[in-house]
Amino acid sequence: QVQLVESGGGLVQPGGSLRLSCTASESILRFNVMAWDRQAPGKQRELVAAITNGDITNYADSVKGRFTISRDNAKNTVYLQMNSLKPEDTAVYYCKADYFPRREAYWGQGTQVTVSS
C-alpha cells in the first residue's frame with residue numbers, strides 16, 4: 001500500500017519557523033491532491049493546506065500569509081513551510097494523499113508541532 005512519512009515537527013517559540021516534510025512511497029504525481037491537516041487538543045481536525053498535481057494551492061484562512069505548501073516531484077515529497085508560528089498552531093500535523101478516481105485517501109502517522117515559550 002501507499003506509505004506517507006512525515007518529519008520536521010518539534011518545539012518552537014512563538015514567531016518562529018518550522019518546515020514539515022512528507023515523503024511518499026511512490027510518485028506524488030499519481031495523486032490528485034496532496035494536503036496537510038492538523039488536529040489540536042479538544043479541537044476538530046482541519047485542513048491546513050493543499051496542493052494539486054497541477055500545482056494549484058489552497059489554504060485555511062487561519063494560516064494564509066504564514067504557511068506555504070510546495071512539492072518536489074523528483075523526491076516524492078511535499079513540504080509545509082510554517083512561519084510566524086502562534087501557540088494556536090500547536091497540533092498534530094498529518095499528511096494526506098487523495099486519488100479521486102478510486103476514491104482512495106492515504107494518511108501519514110502525524111508529527112507533533114508545539115509552539116510555546
Side-chain angles (χ1 to χ4, degrees):
Q1 69 272 12
V2 176
Q3 292 182 316
L4 303 173
V5 180
E6 301 106 328
S7 63
L11 175 65
V12 65
Q13 294 185 356
S17 297
L18 209 59
R19 189 180 76 159
L20 306 183
S21 298
C22 170
T23 299
S25 59
E26 61 186 78
S27 175
I28 58 175
L29 289 172
R30 294 189 174 186
F31 302 105
N32 299 95
V33 176
M34 300 292 297
W36 290 93
D37 291 353
R38 70 185 181 187
Q39 187 163 24
K43 306 280 283 187
Q44 290 186 335
R45 186 172 296 192
E46 64 174 344
L47 173 69
V48 176
I51 185 167
T52 72
N53 57 5
D55 211 32
I56 299 170
T57 58
N58 186 45
Y59 298 92
D61 288 341
S62 60
V63 307
K64 285 181 180 177
R66 299 189 297 120
F67 290 11
T68 303
I69 188 170
S70 62
R71 64 198 302 156
D72 186 333
N73 296 325
K75 295 182 178 180
N76 295 335
T77 299
V78 176
Y79 303 97
L80 184 67
Q81 179 66 46
M82 304 184 293
N83 298 325
S84 301
L85 283 162
K86 304 174 180 179
E88 52 262 44
D89 294 319
T90 296
V92 178
Y93 285 71
Y94 298 92
C95 182
K96 181 184 178 184
D98 287 310
Y99 183 59
F100 296 153
R102 292 185 178 269
R103 302 180 186 272
E104 295 176 345
Y106 305 94
W107 299 84
Q109 81 287 349
T111 185
Q112 176 71 47
V113 172
T114 302
V115 184
S116 176
S117 58

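Using a 4.5 Å cut-off between side-chain heavy atoms of Ile, Leu, Val, Met, Phe, Trp and Tyr, Tyr79 forms no hydrophobic cluster with any other residue. Here Leu4 sits in one hydrophobic cluster together with Val2, Val12, Leu18, Leu20, Ile28, Phe31, Met34, Trp36, Val48, Ile51, Tyr59, Val63, Phe67, Ile69, Val78, Leu80, Met82, Leu85, Tyr93, Tyr99, Tyr106, Val113, Val115; the rule is ILVMFWY side chains under 4.5 Å apart, joined directly or through other members.
A disulfide (SG to SG under 2.5 Å) check over residues 27-70, counting only residues at least two apart or in different chains, returns nothing. Judged as a disulfide (SG to SG under 2.5 Å), the pairs with a partner in residues 9-117 (not counting sequence neighbours) are, in order, Cys22-Cys95. Residue pairs meeting the side chain to side chain donor-acceptor pair (under 3.5 Å) criterion with at least one partner in residues 10-19, sequence neighbours excluded, are Ser17-Asn83.
One hydrophobic cluster, built from ILVMFWY side chains closer than 4.5 Å, holds both Trp107 and Val92.
In this structure, CG in Asn32 is found 5.5 Å from CG in Asn53, a value given to the nearest 0.5 Å. The line from OG of Ser27 to NZ of Lys75 is 15.0 Å long, rounded to the nearest 0.5 Å.
Residues Ser117 and Pro14 approach most closely at N-CD, 3.7 Å, considering heavy atoms.
With sequence neighbours excluded, the residues satisfying salt bridge (charged side-chain N to carboxylate O under 4.0 Å, His left out) with Asp98 are Lys96. Residues passing the salt bridge (charged side-chain N to carboxylate O under 4.0 Å, His left out) test with Arg38 are Glu46, Asp89, sequence neighbours excluded. For Arg30, there are no side-chain hydrogen bond (donor to acceptor under 3.5 Å, both in side chains) partners, not counting sequence neighbours. The salt bridge (charged side-chain N to carboxylate O under 4.0 Å, His left out) test applied to Lys64 returns Asp61, not counting sequence neighbours. Shown here are the side-chain hydrogen bond (donor to acceptor under 3.5 Å, both in side chains) partners of Thr23, two or more places apart in sequence or in another chain: Thr77. Residues forming a side-chain hydrogen bond (donor to acceptor under 3.5 Å, both in side chains) with Thr114 (at least two apart in sequence, or on another chain): Gln112. When the side-chain hydrogen bond (donor to acceptor under 3.5 Å, both in side chains) test is applied to Gln109, the partners found at least two apart in sequence or on another chain are Glu6.
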Set out, in order, the CA-CA distance, both residues' side-chain angles and the distance that settles side-chain contact (heavy atoms from CB on, under 4.5 Å) for Asn58 and Val33, then state yes or no. CA-CA 10 Å; Asn58 186 45; Val33 176; over 6 Å; no
